[in-house]
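To start, the structure under review is shown below, and the notes come after it.
Computed from a predicted model, the values in this text were never measured in an experiment. Throughout, residue positions are numbered sequentially from 1 according to the sequence presented.
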Amino acid sequence: MTFLETEQNVRNPIARPEYPRPDWQRDDWLNLNGSWDFMFDTEDQGLTEAWYLADGPVFTRKIQVPFSWVSPLSGIGEDVKGIAWYGTTVRWKPRQKEGRVFLRFGAVDYYCQLWVNQIEIGAHKGGYGAFEFDITDAWKPDGDNRIILRVQDEDEAYQTRGKQGYGELRGIWQTVWLESRPHNYIAAARFSTRIDGTVEVDGTVQARLAGHAKLRFDFGNGAVNHVLRLELTDGSNTFRTSFQVDAPKLWSPDSPYLYEGELTLEHDLPDIGEDRISTYFGIREIGAAKFNGREYRWITLNGEPVFLNGTLDQSFIPDGFFTFPSEDYIRDEIWRLKRLGLNFVRIHIKPEEPLKLYWADKLGVLVMEDMPCFWGEPDERARVAYEREAREIIERDFNHPSIISWVVFNETWGLFTKQETGERKYLPETQEWVRSVYQWAKTEDPTRLVEDNSPCNYDHVETDLNTWHFYLNGYETVRNHVQDVVDKTFPGSSFNYIGGNVQSDAPLMNSECGAVWGIEGSAGDSDLAWHYRYMINEFRRHDKLCGFIFTEFHDVINEFNGYYRMDRQEKDFGYESFCPGMSLRDLHSPDFIVIDAPPSRTVRLGEAVEVPLLASSYSRRYHGESLHLKWELIFHNFEEKVIAGAGEEVVEWNGYGVRQLTRLQLAMPEADAVAVLAVTLQTKDGNAITRNFVTFDVQSGEAQGVYAIEGKWMSIRPASYSAAQWDYEWKALSGHKVNGGGAGLFEYKIVLPESVNPSAVTDLEVVFEAGAKAVLGKDKELVHAKPQDISYMHGAKMDPGMNINSYFMTDEHKSPSSIEVSIDGELIRTCYLEDDPADSRGVLSWHYQSNDRKLEEAGSYGYLHRVRIPSRLVARILDKGSFSLRFSVPAGSVEGEAGGLALYGRNSGRYPTDIVIIWK
């Protein structure tokens, strides 16, 4: 249970029983989540028929609050736009006899009206802001109380809807609770901190009884004991005070220290009662500054540069939509971010619920919080609705130290006006309104960075952050694009700005990136590990760049580009196979080794290759130390990994930013191979700080290949089969890969070279790379016709397997198969294929993609198998000089398996080999 939650505050086992605002909590409260009466009002009869009266109709349905009535967890699960009514009966007596009773709502979408015991209390508009009603005069502390709420959500063009295409927020979608306060109570308090320990507090006390009072600040187990004396008048009383924290402990993602404690309002008059609030603050400063003579600024945290390794968080889950089912789930969301080594998250097109922000505060993640957008045009009605909700959001979330930035608009959504010609334009007057909103936010909250519009159209007006979006695929494309943006970024440049406005020296960072929309029709569900690594490498290559926001944290309805699946299953990026111990955390290290080279390139056998390395540092942790840079050049020769080269040197790790480090001189292997250059930066004690890698396709050009193995060999392309019979069968990757879906076989007629001396041969082996074959919807249609494009920007439900670019990335779900290997009709081995994987290990399936805008089974690969032909068959084969080789998957061979077979050739998969026959 969170903070002051106790069993008496919860009526029965319910969803989300915890207090929803750990940042502002009183201890006399009652959680109203759970089963409420419910009814749709499609004919808008409720007001006319007075459904809010006790003798009105009995609501015929039940809903589970606090879930949107569209979501499965609500128990309704119907996307009905319009009006619905909620009702519940509550008996609750506050502990304090004389005081006020408030009914509080975390969020209700969109317009709601409240009645308590047939008395109309008030109304509220907005889908995301928190609000409350003083229901004291209507409340019966010794009896039953009937609460009725009418909610109307018409999806009007002016509504701040955000990105609800994934799952509609309709009605109550955050916790509802009752709360008791004395007649004089603390209405608000904003904590502004400086890293010297100065804490300034601005706030409001609401009073019904005038008189003397004291406001006590007790925090940090005695670190703060401050008292402010107040002279209260009837009504709203503002206050301002400050205090000093000695030897302050600064809040950061590495050390998220919170000064937890209480605000207490005490009165000189007897019997008023005191108002006590449990809350906290974190001492930190966010800003931007120039360093070491640079003409541009970096983002700073507590006065030092910070590189923002971030992701876009849609906060969507399949069953609750934007309402999480439990506090554990919320906490684990922040933990999952931390696990990846990320220090930053952008909450996208919506404010996050306070409990998730609490866990960001508690566990240490920096947050960029978006304002929700409207989807219509920026007319007066939309502007008023937007500004009202933006005020509520900043007021609610001001005290969270994790929040370092507000984004007031995104991608110019809602800011276009349709002209008489039919053209949509971002008008100058709208640009000035956006500027005014930016300036208002800066006045309202000068402690944070504010962005006017997170742009995909290069249309900033005035902003603290010079960010941009890109969704591109292909190494050269990404490299050239990032370089172009960096080159065009300088004070006075008109790039990325609109309406005659120009750049200041605001920090440059990326605020959305990835390949999900860099592919025609979207990338579907495909490997992201390959693109991600070289994209991060390019970001860290530029001294001017301060961070990135990757799309996205986890898969959503129409974007399958997440670190995690929609159900939070993990994806396997495969990095450890290139560099032992490597994970995504290595790419997010503040101290980083840039390998200034493509993720893969074709080289000749034995070729001399130079690889530049750069140092990128945005932490002073190791400054002044001598660190160890280790590297290995490794390849696989069918039997084991071979080290083709290695080295180590001591590097002095000094200063922030990016600088040249060294140039490695490599000699490529003398055989066909995927060679891997793995680089590790270590402390003198051998602890790894960061790891990185690039690959090389060492290409002999020989039809039979050149391999570093004992014996002689011949190669057979997988596509050169003599017979094939499958439920579904097709070739891919320029014929270097063949696929058989379901049950079936590939058969090859092998004729040994005449040079083979039968009397000298003792062993025959077959070496091949094979994976299972999970047949997707688009694979079935590809046999007959190209499937339709299914890229839906606003979240229409779809089967990702129907996307032409999909090849599901390796994750916890496996699609295994078992294949039988037969020689001349005799079964010699059954091979288990664990999965049909696709991730960064499919080097050749990435290296030989023919079109950066379309993906063909990208990143797919198999498992290397060596099958020794039994000696009883060898003599017969040598005598004939030939044999048949069959790979087959019998129908229903293993229950629950996907079946199928993918055979990989020289320029596909993980290993640079066709089917190889080896004799010794």
#### Entry: Steps toward side chain to side chain contact (heavy atoms under 4.5 Å, CB included) verdict (I716, Y721)
CA-CA 9 Å; I716 302 98; Y721 46 78; over 6 Å; no
### Query
Is there a side chain to side chain contact (heavy atoms under 4.5 Å, CB included) between V611 and F696 once you walk through the steps?
CA-CA 12 Å; V611 180; F696 304 88; 4.1 Å; yes
### Task
Decide yes or no on side chain to side chain contact (heavy atoms under 4.5 Å, CB included) for R910 and V674, but give the supporting numbers first.
CA-CA 8 Å; R910 183 175 181 180; V674 170; over 6 Å; no
### Task
Start with the C-alpha distance between R841 and D527, add both sets of side-chain angles, then the distance that settles salt bridge (charged side-chain N to carboxylate O under 4.0 Å, His left out), and finish with yes or no.
CA-CA 10 Å; R841 284 167 282 201; D527 166 47; over 6 Å; no
### Criterion side chain to side chain contact (heavy atoms under 4.5 Å, CB included) on I819 and F768, from CA distance to verdict
CA-CA 12 Å; I819 63 169; F768 59 94; 4.0 Å; yes
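Remark: the backbone N or O of H348 is not paired with any side-chain donor or acceptor of K163 at under 3.5 angstrom. Side chain of Y534 to backbone of A597: no donor-acceptor contact under 3.5 angstrom is found. Between the side chain of W713 and the backbone N or O of Q704, at least one donor-acceptor pair lies under 3.5 Å. Using modelled atom types, one side-chain atom of Y564 and one backbone atom of R336 make a donor-acceptor pair closer than 3.5 Å. One N or O on the side chain of T810 and one on the backbone of A838 form a donor-acceptor pair closer than 3.5 Å. Proximity of a side-chain donor or acceptor of D914 to a complementary backbone N or O of R906 within less than 3.5 Å is detected. Without hydrogens or angle criteria, S806 side chain to G801 main chain gives no donor-acceptor distance under 3.5 Å. In terms of modelled atom types and a separation under 3.5 Å, the side chain of H531 and the main chain of L472 share a donor-acceptor contact. When atom types are taken as modelled, the side chain of S845 and the backbone of G909 share a donor-acceptor pair closer than 3.5 angstrom.
Ion pairing between a basic and an acidic side chain is recognised when a charged N comes within 4.0 Å of a carboxylate O; R479 and E476 show no such pairing. The pair D811-K571 does not meet the salt-bridge criterion, since no charged nitrogen lies less than 4.0 angstrom from a carboxylate oxygen.
At least one side-chain heavy atom of I915 sits under 4.5 Å from a side-chain heavy atom of L885. I557 places a side-chain heavy atom less than 4.5 Å from the side chain of M566. Between F693 and Y575, some side-chain heavy-atom pair lies under the 4.5 Å cut-off. Side-chain contact between P669 and V642: absent, with no pair of heavy atoms (C-beta onward) separated by less than 4.5 Å. A heavy-atom distance below 4.5 Å is found between the side chains of H636 and L864. The closest side-chain heavy-atom distance from L833 to L901 is below 4.5 Å. For the pair F746 and P718, the minimum side-chain heavy-atom distance is 4.5 Å or more. Looking only at side-chain heavy atoms (C-beta outward), W919 and P753 come within less than 4.5 Å of each other.
Aromatic rings of Y532 and H588 (six-membered ring for Trp) have centroids within the 6.0 Å cut-off, being under it.
Rounded to the nearest 0.5 angstrom, E769 CD and L844 CG are separated by 8.0 Å. One distance of note links CD of E168 with CZ of F322; it measures 8.5 Å at 0.5 Å rounding. Between atom CG of residue L776 and atom NZ of residue K773 there is a gap of 6.5 Å, rounded to the nearest 0.5 Å. Distance CG/N309 to CG/L340: 10.5 Å, rounded to 0.5 Å. For the atom pair E512 CD and T551 OG1, the distance stands at 4.5 Å (nearest 0.5 Å). The structure places CZ of R533 at 9.0 Å from CZ of F578, a figure rounded to the nearest 0.5 Å.
The side-chain contact (heavy atoms from CB on, under 4.5 Å) check on L827 picks up E820, S822, T830, with sequence neighbours excluded. Remark: Q725 pairs with L745 by the side-chain contact (heavy atoms from CB on, under 4.5 Å) rule, at least two apart or across chains. Residues that satisfy the side-chain contact (heavy atoms from CB on, under 4.5 Å) test with D852, not counting sequence neighbours, are N473, T477.
Nearest heavy-atom pair across S840 and F573 is OG-O, 2.5 Å. Among all heavy-atom pairs drawn from C831 and V867, the shortest one is SG-CG2, 4.2 Å. The minimum heavy-atom distance between G862 and Y911, with the atom names listed, is O-CE1, 4.3 Å. Here the closest heavy-atom approach between residue I519 and residue R853 is recorded as CG2-O, 3.2 Å. Shortest non-hydrogen contact noted between S522 and N805 is O-ND2, 2.8 Å. What you find for A675 and M668 is that their closest heavy atoms are CB-SD, 4.5 Å.
Pairs passing the ring pair (Phe, Tyr, Trp, His ring centres under 6.0 Å) check and including a residue from residues 801-831, sequence neighbours excluded, do not occur. Here salt bridge (Lys or Arg N to Asp or Glu O under 4.0 Å) pairs that include residues 738-760, with residues two or more places apart or in two chains, are E747-R886. Each side chain to side chain donor-acceptor pair (under 3.5 Å) pair with one or both residues in residues 866-883, not counting sequence neighbours, appears once here: E639-R866, D763-R868, E765-R866, D824-K880, E826-R872.
Judged purely by distance below 3.5 Å, without hydrogens or angles, the side chains of Y848 and S734 never pair a donor atom with an acceptor atom. Judged purely by distance below 3.5 Å, without hydrogens or angles, the side chains of N692 and N537 pair a donor atom with an acceptor atom. A donor-acceptor pair shorter than 3.5 Å can be found between the side chains of N739 and E857. Between the side chains of D672 and S700, at least one donor N or O sits under 3.5 Å from an acceptor N or O. Between the side chains of Y563 and R339, not a single donor N or O lies within less than 3.5 Å of an accepting N or O. Defined by atom type and a distance below 3.5 Å, a donor-acceptor pair is present between the side-chain atoms of K737 and S860. In this model, a donor atom of one side chain and an acceptor atom of the other lie less than 3.5 Å apart for Y861 and D839. Defined by atom type and a distance below 3.5 Å, a donor-acceptor pair is missing between the side-chain atoms of Q849 and W530. Side-chain atoms of N561 and E559 form no donor-acceptor pair, as typed in the model, at a separation below 3.5 Å.
The neighbour count for K712 NZ, taken as heavy atoms of other residues, nucleotides or ligands under 6.0 Å away, does not exceed 12.
By the 30° and 60° cut-offs, the orientation of the rings of H481 relative to F470 is tilted.
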